[in-house]
Engineer: 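Below is the structure I would like to discuss, written out as structure tokens.
Start at 1 with the first residue, then count along the sequence.
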Amino acid sequence: GRPRRLRIVCWCSDTLLCPGPGASLLPHGAGAGDLELVRRAVDFTSPLFRPAAGFPLGSSLRDALYFTDNGQIIFPESDYQIFSYPNPLPTGFTGWDPVALVAPFWDDADFSTGQGTIFYQEYETLYGEHSLPVLQAESWIRKITNNGGFKARWTLKVTWVNAHAYPAQWTLGSNTYQAILSTDGSRSYALFLYQSGGMQWDVAQRSGNLVLMGFSSGDGYFENSPLMSQPVWEKYRPDRFLNSSSGKSATLSHLSWSQALVWPPCTVQPPTGLGGMWHRPGSSWYLLHPWIQHRAGEGEGWCGPGRARVPWGPRCRPGSSPRPPDAPGQGTFNATGVLLSRNGSVVSASFDGWAAVSVIALSNILHASASLPPEYQNRTEGLLGVWNNNPEDDFRMPNGSTIPPGSSEEMLFHYGMTWQINGTGLLGKRNDQLPSNFTPVFYSQLQKNSSWAEDLISNCHGDSSCIYDTLALRNASIGFHMRAISKTYKQVNATLNQYPPSINGGRVVEAYKGQTTLIQYTSNAEDATFTLGDNCTDFKLFENGTLLWTPKSLEPFTLEILARSAKIGLVSALQPRTVVCHCSAESQCLYNHTSRAGNSSLEVAGCKCDGRTFGRYCERSKDACEEPCFPSVRCIPGKGCEACPPHLTGDGRHCAAPGSSFLCRNQSCPVNYCYNQGHCYISQTLGCQPTCTCPPAFTDSLCFLAGNNFSPTVHLEPPLRVIQLLLSEEENASMAEVNASVAYILGTLDMRAFLRNSQVNRINSPAPASGSPIQHWMVISEFQYRPWGPVINFLNNQLLAAVVEAFLHQVPRRSEESRNHVVFQPISREDVWDVTALNVSTLKAYFKCSGYKGYDLVYSPQSGFTCVSPCSRGYCDHGGQCQHLPSGPRCRCIGLWPGGHGFQSQTFFIFNFLRRSVIPSPRLECSGAFSLTATSASRVHAILLPQPPE
């Protein structure tokens, strides 16, 4: 496809040609037909938008986007990688940022206190619908870009109204601004508008990364707002400092993307009728032309780039060549609407891929036949009759009258002359016009004087066509050829009246990865045998029609089932839909939401991930570190963000300077209030009470009692997962370019575990006969084992197949350094193999559960290694309550006595008393099972007091 341009334009003038105090926002709110989206939470995101024509951005055509409360419009890698990203990038946009987004005003906003809202509206104008906001946006874009022909097909308007900075209860001022995204399917634009006087955040209260405005495609294209290089107070006032002199018609980037032209799957519907191929609707079977027969009756066919119906070819698969190479005696000529082909003495013309006429020359005589599709039934007239399954009216003349089928030759001759064409006919223009009184010699006349030719006509065996030509032309060879042609036509007609074996069974085959699916196909022909049209490695088809499919990879293929009748020699073909689910769990499969795998008929089912996973196949476990923490705050994998920096308060992702809250400004956390590195902050929602943010292992509000599962830490760095690749390319790439390109492809696998390429070597090989400069490379690639999520399972069981698939779907990229858009030839499973891999039992020694004693390291394919407390696995007997203390799990044994509720209340009282006492008290612990005997004269209480250090 030709290059697509994207411009992102920022300005704040009332007109587009001169500076002014601020831009007028497009009408917004309920009165403008907008929808409102607001959640009283610190962070939230909108639903996904899916432009019908896609949204060009960078090197890709994006199919989904969403906006957040933090002033961004984000293009996610998958439907399940949805985050709000409250903290702007500290370095600004670079083009290779982890997320593709457009940012009119990216900073940490907070709508949780009931202040502010967001309005949005989506406009689809695919068919020229009129909408005033879209017309206004088009007018602005045309003036700014001098693109007078821009016509929007999809537009999104988002307006952030009175948005407060985090934390809203402490900060002053609010912002009101608007972003408009618009595309015609080829070029995309974004407009940023800031309400005059409406950008009022207090710059002095911003403690993290400063606001970021601009965009990044994530694959090499980016631009930062001109204000990003200005003083901080100007960055937060775009309504005042971003004027037409600095931002008018600012072309942030020219984003080119190319769209591969892929012909739709060829749906062959060959012509039906005498001498041609026959397609029986609903059964997907074809009878081949009698003169073009190869390989035991299978025709030689192709799919053309125009309509998907062509006359010669029993099965056209996606990705077929435009036509086969011309062999000696063969040739093709393709003009608009007409396809001429020659095979020996047979010349065929196909008109728009529907009607076809074939002519064969034998003994200097032309024999013509016609083939028509079913759509021509009840619509024909002329010498070949009326196609309506009624032979009584075949000899219908132009005036509508008919002669009976058994009429004499003389009457048939006069009937034929009524269809005489004046001028040029199908076979050209005659220079020697017939005299008006011309009358041919009829068969009956020749028979009267045939005694002299008995030897000549003896080989005709009574065939009238053979006898006529032999007597009329006094040439037995011509008569013999006529008899052969006549016999062929009779055989074709006989075949057309026969039905090939039917194929009965599932038209859709669904299977889950690694599991075998069985489908039984049957036929109405008792002698039918089933075979596969192609060798599909994951399929096995028995002659009785039993199909077994065990999908092991996502390599493209086309499944074709053939049923052959030995009695009549006809073959039926069926190409069922094949849908494979590659989700991490079978319960996540969406078989009604599919995408095609490569250029084939294989479809891949979508996945509906649960709350803990995301990714295309739900193969990635959500981790608190997927979304960046506050600047300078470290994120511990499997645990989350650590505490905010000194003098800031928050949960580690959202941090702010305390002191401006009118409600809680005089409150502070007690010293050492939270245990085990828990972080204390004052919660306004809890009445200004101190609140702890605990590491994942802890179950209580003070970070003392453990019991939750958490991810282990890396005790010793495990050996790397190593594979070897054999690659080929025709771009004369350098070693650095191959290294960068392979690193990018492997770095974009759904499981981000790629580390580096340790070796990139060119393999010397003889030059190909074609002279094409193909280079072959051997690459050693290394990946890192990590304990959390499905990383280990992916690297050990899915990596090789994923690498093969990645090299089938290469997207050209751009880099400022070594180019990383070398396009390699597709690879197969034989081109990638293991060098080093570690099994689960070996890897276990490299990870440990840091923290409380007694945690067990448990492995599962989807979660990886997890530190599991015995308390969650039935550690205590006889109904005892398990508590995981610093020294390990302990059982809280509950005694039974009359009025047993008193034990619980008394235990709680003593526990709380000791929490507030500095007087040491002995702790009574019990483990295992014990029994108590009580009489009416005595009562025994067993009390376990978990006592944290004071």
Engineer: Working to the nearest 0.5 angstrom, can you tell me the gap between Leu212 CG and Met228 CE?
Structural biologist: 6.0 Å
Engineer: Using every non-hydrogen atom in the two residues, find where Pro88 and Trp106 come nearest and quote the distance to one decimal.
Structural biologist: CG-O, 3.2 Å
Engineer: Considering non-hydrogen atoms only, spot the tightest contact between Gly650 and Tyr166 and give its length.
Structural biologist: CA-OH, 4.0 Å
Engineer: Using atom types as modelled and distance alone, determine if a side-chain donor or acceptor of Asp34 lies under 3.5 Å from a backbone N or O of Phe119.
Structural biologist: no
Engineer: Would you mind reporting whether Leu156 and Leu65 have side-chain heavy atoms less than 4.5 Å apart?
Structural biologist: yes
Engineer: Please answer whether the main-chain N or O of Met199 pairs with a side-chain N or O of Arg237 as donor and acceptor at a distance below 3.5 Å.
Structural biologist: yes
Engineer: Is the shortest heavy-atom distance from the side chain of Asp69 to the side chain of Arg39 under 4.5 Å?
Structural biologist: no
Engineer: So Leu37 and Phe67, do their side chains get closer than 4.5 Å, heavy atoms only?
Structural biologist: yes
Engineer: Using a strict SG to SG cutoff of under 2.5 Å, would you count Cys583 and Cys589 as disulfide-linked?
Structural biologist: no
Engineer: Would you confirm whether Asp97, through its side chain, and Gly218, through its main-chain N or O, come within 3.5 Å as a donor-acceptor pair?
Structural biologist: no
Engineer: Should the SG-SG distance of Cys635 and Cys629 be recorded as below 2.5 Å?
Structural biologist: no
Engineer: Mind checking whether Thr155 and Leu181 have side chains closer than 4.5 Å, heavy atoms only?
Structural biologist: no
Engineer: Using a 3.5 Å distance criterion without hydrogens, assess whether the side chain of Gln121 forms a donor-acceptor pair with backbone atoms of Ala32.
Structural biologist: yes
Engineer: If we ignore hydrogens and angles and just use 3.5 Å, is the side chain of Ser741 paired with the main-chain N or O of Val822 as donor and acceptor?
Structural biologist: yes
Engineer: Consider only side-chain N and O atoms of Tyr127 and Glu129, and report whether a donor and an acceptor are under 3.5 Å apart.
Structural biologist: no
Engineer: Between Phe55 and Phe75, does the ring centroid distance fall short of 6.0 Å?
Structural biologist: yes
Engineer: With a 4.5 Å cut-off on side-chain heavy atoms, are Phe215 and Leu101 touching?
Structural biologist: no
Engineer: Between Glu731 and Val823, is any pair of side-chain heavy atoms under 4.5 Å apart?
Structural biologist: yes
Engineer: Assess whether side-chain contact (heavy atoms from CB on, under 4.5 Å) is satisfied between Ile118 and Val161, documenting all intermediate values.
Structural biologist: CA-CA 6 Å; Ile118 302 177; Val161 179; over 6 Å; no
Engineer: Is a side-chain N or O of Ser229 found less than 3.5 angstrom from the main chain of Pro226, in a donor-acceptor match?
Structural biologist: yes
Engineer: If every non-hydrogen atom of Ala802 is compared with every non-hydrogen atom of Leu749, which pair is closest and at what distance?
Structural biologist: O-CD2, 3.8 Å
Engineer: Treating Arg653 as the side-chain partner and Glu627 as the backbone partner, does any N or O pair qualify as donor plus acceptor under 3.5 Å?
Structural biologist: yes
Engineer: Starting from the C-alpha separation in whole Å, work towards a yes-or-no answer on disulfide bond (SG atoms under 2.5 Å apart) for Cys625 and Cys641.
Structural biologist: CA-CA 7 Å; Cys625 294; Cys641 299; over 6 Å; no
Engineer: Can you tell me how far CG of Asn162 sits from CD of Gln200, rounded to the nearest 0.5 angstrom?
Structural biologist: 8.0 Å
Engineer: Under 3.5 Å, is there a donor on one side chain and an acceptor on the other for Ser84 and Thr68?
Structural biologist: no
Engineer: Would His654 and Asp110 count as a side chain to side chain donor-acceptor pair (under 3.5 Å) if you check the C-alpha gap in whole Å, the side-chain angles of each, and the deciding distance to 0.1 Å?
Structural biologist: CA-CA 10 Å; His654 304 272; Asp110 183 5; over 6 Å; no
Engineer: Short question: side chain of Ser584, backbone of Cys618 - any donor-acceptor pair under 3.5 Å?
Structural biologist: yes
Engineer: Which heavy atom of Pro133 sits nearest a heavy atom of Leu26, and at what distance?
Structural biologist: O-CD1, 4.0 Å
Engineer: Under a 3.5 Å distance rule, please check whether Tyr123 uses its side chain to pair with a backbone N or O of Ser131 as donor and acceptor.
Structural biologist: no
Engineer: Any side-chain donor-acceptor pair under 3.5 Å between Asp108 and Asn87?
Structural biologist: no
Engineer: Atom CD of Gln115 and atom OG1 of Thr113: how far apart are they, to the nearest 0.5 Å?
Structural biologist: 4.0 Å
Engineer: Minimum heavy-atom separation for Phe111 and Ala163, please, with both atom names.
Structural biologist: CZ-CB, 3.6 Å
Engineer: Do Trp96 and Tyr744 come close enough that some side-chain heavy atom pair is under 4.5 Å?
Structural biologist: yes
Engineer: About how many Å separate OG of Ser24 and CD of Gln178, when rounded to the nearest 0.5 Å?
Structural biologist: 10.5 Å
Engineer: Please lay out, stage by stage, how Tyr85 and Thr45 fare under the test side-chain contact (heavy atoms from CB on, under 4.5 Å).
Structural biologist: CA-CA 10 Å; Tyr85 303 105; Thr45 62; over 6 Å; no
Engineer: How far does CG of Leu25 sit from NZ of Lys157, to the nearest 0.5 angstrom?
Structural biologist: 9.5 Å
Engineer: Hey, would you say the Tyr120 and Phe49 ring centroids sit under 6.0 Å apart?
Structural biologist: yes
Engineer: Where is the tightest heavy-atom contact between Asn70 and Pro86, given as atom of each residue plus distance?
Structural biologist: ND2-CA, 3.4 Å
Engineer: I want to check something: taking the side chain as every heavy atom from C-beta on, are Ser182 and Val134 in contact at a cut-off of under 4.5 Å?
Structural biologist: no
Engineer: State whether the side chain of Tyr66 and the backbone N or O of Phe83 hold a donor-acceptor pair below 3.5 Å, judged by distance alone.
Structural biologist: yes
Engineer: Flag the pair Trp201 / Phe105 as yes when their ring centroid distance falls below 6.0 Å, and as no otherwise.
Structural biologist: yes
Engineer: Taking atom CG of Asp107 and atom CD of Gln72, what is their separation to the nearest 0.5 Å?
Structural biologist: 9.5 Å
Engineer: Should Tyr189 and Thr183 be marked as a side-chain contact (heavy atoms from CB on, under 4.5 Å) after you check the CA-CA gap, both sets of side-chain angles, and the distance that decides it?
Structural biologist: CA-CA 6 Å; Tyr189 300 91; Thr183 181; over 6 Å; no
Engineer: Would you please test Asn175 and Tyr194 for side-chain contact (heavy atoms from CB on, under 4.5 Å) and show each step?
Structural biologist: CA-CA 9 Å; Asn175 284 345; Tyr194 305 92; over 6 Å; no
Engineer: Looking only at side-chain N and O atoms, does Ser186 offer a donor or acceptor that is under 3.5 Å from a partner on Asp184?
Structural biologist: no
